[in-house]
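Keep in mind it's a predicted model, so treat the numbers as computed, not measured.
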Amino acid sequence: MSDLQQMADITQALYRAEQAKLQGLLKREGDLRRALADLDERRRTAANLPADELDSVRAIGADLAWQGWVQRSRSALNMELAQVLVKKAQRMGRLRHAFGRAEAVAQLGRDEKTARHKSVQDREARAVVELIVLKGR
C-alpha cells in the first residue's frame, strides 16, 4: 500500500469519525426540538380547555404553577438547544476541514494515477515511434 493510499485511508477515517460525532449532536438537536414542540402542544391544549374546567384549576392557583413550569421548561430546553447549536457549528467546521483534507488527498491520488497513465502512454508512443523509425531503415 502506498503512502498516499495510507494517507487517503486515514483522512477518510477521520472524516467519518467527524461525521459520527456530528450525528450525535443532530440527534440531540432533534430531540430538543421535539420536546419544545411537545411543550407548545401541551400549552395550546391547556389553553383551549373549556372555561368551566379551568375554574377549579384557577381557584387553587395551579394554572399559574403550570405556566411557570412551562416557562422554566421552555427556557431550559432553549438554553440546551442553544448550546447544542453552538457545538454543532463548531463540529460542522471540523467536518468541513476533515472533508477538505480527505478531498485533497483523494485529488492527489487521482493526479498520481493520471500521471502514471500518461507516463505509460508516453512510453508506448515512444516505442511505436521507435518501431516506425526502425522499420523505415
Side-chain angles (χ1 to χ4, degrees):
M1 182 180 286
S2 73
D3 288 345
L4 191 55
Q5 184 58 49
Q6 286 178 344
M7 192 181 330
D9 291 347
I10 290 168
T11 56
Q12 273 298 321
L14 291 171
Y15 175 61
R16 286 190 303 273
E18 287 298 331
Q19 283 180 315
K21 291 174 188 174
L22 181 62
Q23 289 304 313
L25 286 172
L26 292 174
K27 181 184 179 323
R28 185 63 187 145
E29 177 187 3
D31 292 346
L32 289 167
R33 290 188 187 278
R34 280 187 292 283
L36 282 164
D38 183 51
L39 190 61
D40 284 342
E41 181 59 32
R42 288 180 183 199
R43 185 187 50 78
R44 278 192 295 279
T45 300
N48 291 330
L49 287 175
D52 60 332
E53 288 184 33
L54 290 175
D55 288 342
S56 60
V57 171
R58 285 188 181 126
I60 60 171
D63 61 329
L64 294 177
W66 165 257
Q67 290 171 9
W69 177 84
V70 168
Q71 230 12 21
R72 285 187 305 280
S73 296
R74 170 174 280 295
S75 180
L77 289 170
N78 277 323
M79 181 67 72
E80 187 175 353
L81 178 59
Q83 291 169 347
V84 166
L85 291 175
V86 166
K87 289 177 186 175
K88 177 183 163 185
Q90 293 168 342
R91 187 63 60 198
M92 288 294 290
R94 290 183 188 125
L95 182 64
R96 280 190 294 276
H97 190 72
F99 174 77
R101 276 192 207 150
E103 193 58 29
V105 171
Q107 184 61 48
L108 287 173
R110 289 189 294 270
D111 292 349
E112 181 184 35
K113 183 178 178 180
T114 301
R116 277 194 318 264
H117 183 68
K118 185 175 178 344
S119 176
V120 167
Q121 286 179 330
D122 290 348
R123 272 195 311 271
E124 289 173 353
R126 280 193 304 274
V128 168
V129 168
E130 287 175 12
L131 284 174
I132 291 172
V133 169
L134 289 175
K135 277 190 168 186
R137 288 185 183 180

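Once rounded to the nearest 0.5 Å, the distance linking CZ of Phe99 with CG of Leu14 reads 14.5 Å. Distance check, rounded to the nearest 0.5 Å: OG of Ser119 to CD of Glu124 gives 10.0 Å. Annotation: the span from Leu39 atom CG to Gln71 atom CD amounts to 9.0 Å, rounded to 0.5 Å. One distance of note links CD of Glu80 with CG of Leu85; it measures 10.5 Å at 0.5 Å rounding. The distance from atom NZ of Lys21 to atom CG of Leu26, rounded to the nearest 0.5 Å, is 14.5 Å. Taken from CD in Glu103 to CG in Leu108, the straight-line distance is 10.5 Å, to the nearest 0.5 Å.
Here the shortest heavy-atom pairing between Leu25 and Val84 reads O-CG1, 3.7 Å. The two atoms that bring Tyr15 and Ala102 nearest to each other are CB-CB, 4.4 Å, heavy atoms only.
Using a cutoff of 4.0 Å between basic side-chain nitrogens and carboxylate oxygens, Glu130 and Arg126 are not scored as salt-bridged. In this structure, Asp38 pairs ionically with Arg42, as a charged nitrogen and a carboxylate oxygen lie closer than 4.0 Å.
Side-chain contact between Arg28 and Lys88 is absent, with no heavy-atom pair separated by less than 4.5 Å. Using a 4.5 Å heavy-atom cutoff, the side chains of Leu77 and Leu81 are not in contact. Residues Arg33 and Glu29 meet the side-chain proximity criterion, which asks for heavy atoms closer than 4.5 Å.
Although no hydrogens or angles enter the test, the distance criterion places a donor-acceptor pair under 3.5 Å between the side chain of Arg72 and the main chain of Gly68. In this structure, the side chain of Thr114 engages the main chain of Arg110 through a donor-acceptor pair within 3.5 Å. Listed for the Thr45 side chain is a donor-acceptor partner under 3.5 Å among the backbone atoms of Glu41.
Of the candidates Arg91, Arg101, Arg94, Arg96, Glu18 forms a salt bridge (charged side-chain N to carboxylate O under 4.0 Å, His left out) with just one, namely Arg91.
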